[in-house]
Every structure is written in structure tokens, then in C-alpha cells.
Amino acid sequence: MFPSRLMFVITRLARGGAETQLLLAAKVLKQRGWKIDVVSMLNPTDYVDELTNIGVPVWNFNMRRRVPNPIGIIELNRLVRALRPHVVHSHMVSANLLARVTRIIAPIPVLVCTAHSTFEGGKWRELAYRVTDGLADVTTQVSKAGFQRYRQIRAVSPRRLRLVPNGVDTSVFVRDHRFGKELRKRLGVENAFVWLAVGGLRPAKDYPTMIRAFHRVHVQHHESVLLIAGREFSLLGELRGLVASLGLDDSVRFLGLRTDVPALMSAADAYVMSSAWEGTPTVLLEAGACGLPVVATSVGGNPEALVPGHSGILVPPGDPDALADAMLHVMALAPSQLASMGRCGREHVVANYSIDHVVDMWEELYRELFQKRRRTSEK
């Protein structure tokens, strides 16, 4: 008997890297015959329609952020007993801890927990991981940097720690020059060198460093433009103030949350990321799949997501001058060199991060753990 019923548990369904990974995996696994349910601890803001349209129910526990509530344990226990999943797979720290504690009372044959960032919180969260480690069959990390750090701080026992990277739908994220040209025209940037950044306006993305770096770039290349697409959180006012103080109002554009990221990537000339910390950012894989030359900080899984020196350039985090130098280097390349970087990036992503390849890894892990659990219970 092979497992065929899966329950995903996540802190919240929203438009972010971990949530996108859940959606992509659910789509492929559903096509492969799995019965899937999704649990969102907090009220979901995205992806519910996409999941229900493919026959994946979404259960909302309607919990409150940063408010510990034993009701979550009661509700998850009730749902597990009603649906009887063969595998529960949780994503992000709060959901991982909820699933682990619930397993004390709930019949969960296999529990897989995924950490989506090198840093998932402070000391208390890391201690909570360590204390509850034995309640999970396996904890996975999405990057080598995260994997190594979790071993180093002993958040997870080495025998229960695995590396499974993020994936990307390379059939959706592929450069379309026609759409790109049309979007450039609509945005009024036909003749500009367009830098693109995608990600919510959060401290982890360190947009102030990016904007300061772009200021240096713009001094030398007045026709350059920086497009920033992502959910606008409380940092928007501060970032707009920085843009105004540097005289970049006409050159840095905040596009807000976008659902046409493949088109934006087709319209851009290169991709830039200034993150202070990361897991393996899905958006960097998407940029590579779209054949964009990349300049990114050397944090988390970024060095794995590109081919340093060939598909992109890595720089230290928090260093606007180094970021600007790398951006200027890319802009000085000939069109043929930019195209070569783009081809290298796409080949790397297709070979290592296609969602079908990543789901193969998940299926293999689920079945390995399920069979191991069955053998143990039969003894």
C-alpha cells in the first residue's frame, strides 16, 4: 500500500514563497492522484480559489497572529481524525510546531515539517524546534545554508533533517518577448534598462539597500528604471521617502501586488535582490527560468539558485556600493553576453528546480517514511 491522502498545514495562505510552493506541489500531486486537504491556521488571503478550483478543500482555523491558542490543537486533531491523512506536511514555523504538538494526541502516520528560511525566528522558536524535534519524522530545509545552520544550532537531529529545494513551474515562467514588449510600452519604459525586484515590502528584503544602490546606477544611466512589485506593508511610506530624498521619483516605481509576474519578468532586462536573509527564494528561481541575468546578495539559498559568475553575480548583504557595482557591470555587458547569462540561468533552473522534479522528491520521501512507519507498526 502506498500513501495517497495528504494534508498540508500552513500558517496562512497568502502570496509568498512558502505558500506558492504549497500551491505548486498541490497542483502536481493532485494530477498524480493524491487526495489533498489544506489547513490554514490564520484567515487565508490568497490561493483559496486556485486550490478549490482543482478540487483541494481549504480548512480555515481562523486563528489570530502571535496569539497562542490550544483551539488549534483541538481543531487539527479533530480534522486529522475525520480525514485520516496518510501524511501531514506542515510549512513554516507556527504550523510546524502546531502539527508536532497535535501529533501527541492525533493519529498522524507520517509528519513532515518544512522550514522555509535559514532564520525562522529567535532563540525561543529554535528552542521549540529542538524540544519538539522527535515528534516529526523528518524536518526539511529548502537551502544548503538553512540545512547547515539547523545542524549547527541543533534545531533538528541530523538523522531527521533533509534538504528538499523549492521548485518553479518552468512552463509558466519562460521569457515571452512579445508580452514583454507590450508591457514595456504600457509602463512607458520602452527605451530604459529595466531592473525588476519582486517581493513584499518587508525588512528581510532590505529595499533601502537596493534603492541606495540604484541611486548610484541612475547617476550613470539616466534611462534606467527600477520596478518593485510586491505587497505594500507599513514600510512603503519609509521607502517612498527614501526614493524622494534621492530624487528617484520618476525612476523607482512601486507596482504593488501583481499577478502578472511572468509578464513583468519578460519585460525586464535584469533582476535584482538585496535580501538580508532568505531560504531559497522562489522568485529568484522564477527569474532564472525567465532567462534574466541576476544580481543578488549571497544569503540563504541564493548561491544555489543561480550559477555565480555565469547566470548572475553575488554580493554581500547590506552593501549598496557592492550591489551598485554588480548592477553596473551587468548593464555594461553586450546583448549577446546578457542573453548567454539568461540561457545559463534557465538551464540551471530547469535541471535542478522544476516543480515536477521537486514533487518527485516529495513523493519519494512520503512513501519512504510511510513504509517505514508501517514496518514499525507491524513488528
Side-chain angles (χ1 to χ4, degrees), residues 17 20-21 24 116-118 141-148 163-170 172-175 193-199 204-206 209-210 213-214 217 226-230 261-262 264-266 268-319 322-355 357-358:
T20 300
Q21 288 303 303
L24 290 173
H116 283 269
S117 180
T118 308
Q141 258 285 356
V142 297
S143 71
K144 290 178 182 176
F147 179 91
Q148 291 164 356
L163 173 62
V164 182
N166 286 337
V168 63
D169 188 341
T170 55
V172 171
F173 285 89
V174 59
R175 198 168 185 82
F193 190 102
V194 178
W195 285 95
L196 176 65
V198 179
K205 302 302 179 184
D206 194 10
T209 288
M210 182 187 297
F214 181 73
V217 170
L226 172 61
L227 305 179
I228 300 175
V261 173
L264 281 172
M265 289 186 171
S266 293
D269 294 294
Y271 190 86
V272 59
M273 174 174 278
S274 55
S275 298
W277 66 87
E278 283 287 355
T280 296
T282 304
V283 70
L284 209 56
L285 301 176
E286 294 168 349
C290 286
L292 284 176
V294 170
V295 172
T297 47
S298 55
V299 298
N302 291 4
E304 303 156 47
L306 52 85
V307 185
H310 296 279
S311 71
I313 301 173
L314 293 170
V315 300
D319 188 337
L323 193 64
D325 288 342
M327 294 169 74
L328 289 167
H329 176 81
V330 167
M331 295 177 75
L333 296 174
S336 60
Q337 292 173 301
L338 292 173
S340 178
M341 289 181 75
R343 283 194 300 273
C344 178
R346 178 161 176 84
E347 289 168 2
H348 176 66
V349 171
V350 169
N352 298 284
Y353 297 98
S354 74
I355 190 60
H357 171 64
V358 172

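FYI, side chains are in, hydrogens and waters are out, and symmetry mates aren't considered; it's all heavy atoms of this structure.
- The OG atom of Ser354 sits 11.0 Å away from atom CG of Leu24, with the distance rounded to the nearest 0.5 Å.
- Two residues are said to be in side-chain contact when any heavy atoms from C-beta on lie closer than 4.5 Å; Leu323 and Ser274 meet this criterion.
- For Thr297, the side chain to side chain donor-acceptor pair (under 3.5 Å) test picks out no residue, with sequence neighbours left out.
- By the ring pair (Phe, Tyr, Trp, His ring centres under 6.0 Å) test, Tyr353 is found to be paired with His348, residues two or more places apart in sequence or in another chain being considered.
- Across Ala322 and Val315, no two heavy atoms sit closer than the pair O-CG1, 3.6 Å.
- When only modelled atom types and interatomic distance are considered, Thr282 and Gln21 share a side-chain donor-acceptor pair under 3.5 Å.
- Nearest heavy atoms, Val358 versus Gly167: CG2-CA, 3.8 Å.
- The shortest distance between side-chain heavy atoms of Val283 and Met265 falls below 4.5 Å.
- Taking both residues in full, the closest heavy atoms of Asp269 and Pro293 are given as O-CD, 3.5 Å, listed atom of the first, atom of the second, then distance.
- Residue His357 qualifies as enclosed at atom NE2: its count of foreign heavy atoms under 6.0 Å is above 12.
- No side-chain heavy atom of Val294 sits less than 4.5 Å from a side-chain heavy atom of Ser311.
- With rounding to the nearest 0.5 angstrom, the NZ atom of Lys144 is 10.0 Å from the OG1 atom of Thr280.
- Here the shortest heavy-atom pairing between Ala324 and Ala213 reads CB-O, 3.5 Å.
- From Met273, atom CE reaches atom CG of Leu284 across 5.0 Å, with rounding to the nearest 0.5 Å.
- No donor-acceptor distance shorter than 3.5 angstrom exists from the side chain of Arg175 to the backbone of Leu292, with no hydrogens or angles considered.
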Compile the donor-acceptor pairs under 3.5 Å between side chains in residues 336-345 and protein atoms, sequence neighbours left out, one pair per line.
residue, atom, partner, partner atom, Å
Gln337, OE1, Ala334, N, 2.8

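- Of the inter-residue distances, the one linking Leu285 atom CG with Leu306 atom CG reads 9.5 Å to the nearest 0.5 angstrom.
- The one candidate from Val198, Val330, Leu264 that meets the side chain to side chain contact (heavy atoms under 4.5 Å, CB included) condition with Tyr271 is Val198.
- Minimum interatomic distance between Val272 and Ala197 (heavy atoms only, all atoms of both residues): O-CB, 3.5 Å.
- Listed by first and then second residue, the salt bridge (charged side-chain N to carboxylate O under 4.0 Å, His left out) pairs involving residues 271-293 are Lys205-Glu278 (not counting sequence neighbours).
- A distance of 10.0 Å separates CD of Gln148 from OG1 of Thr118, quoted to the nearest 0.5 Å.
- Minimum interatomic distance between Ala145 and Gly300 (heavy atoms only, all atoms of both residues): CB-O, 3.4 Å.
- Thr20 is linked by a side chain to side chain donor-acceptor pair (under 3.5 Å) to Tyr47, counting only residues two or more places apart in sequence or in another chain.
- The ring pair (Phe, Tyr, Trp, His ring centres under 6.0 Å) test applied to Phe193 returns Trp195, not counting sequence neighbours.
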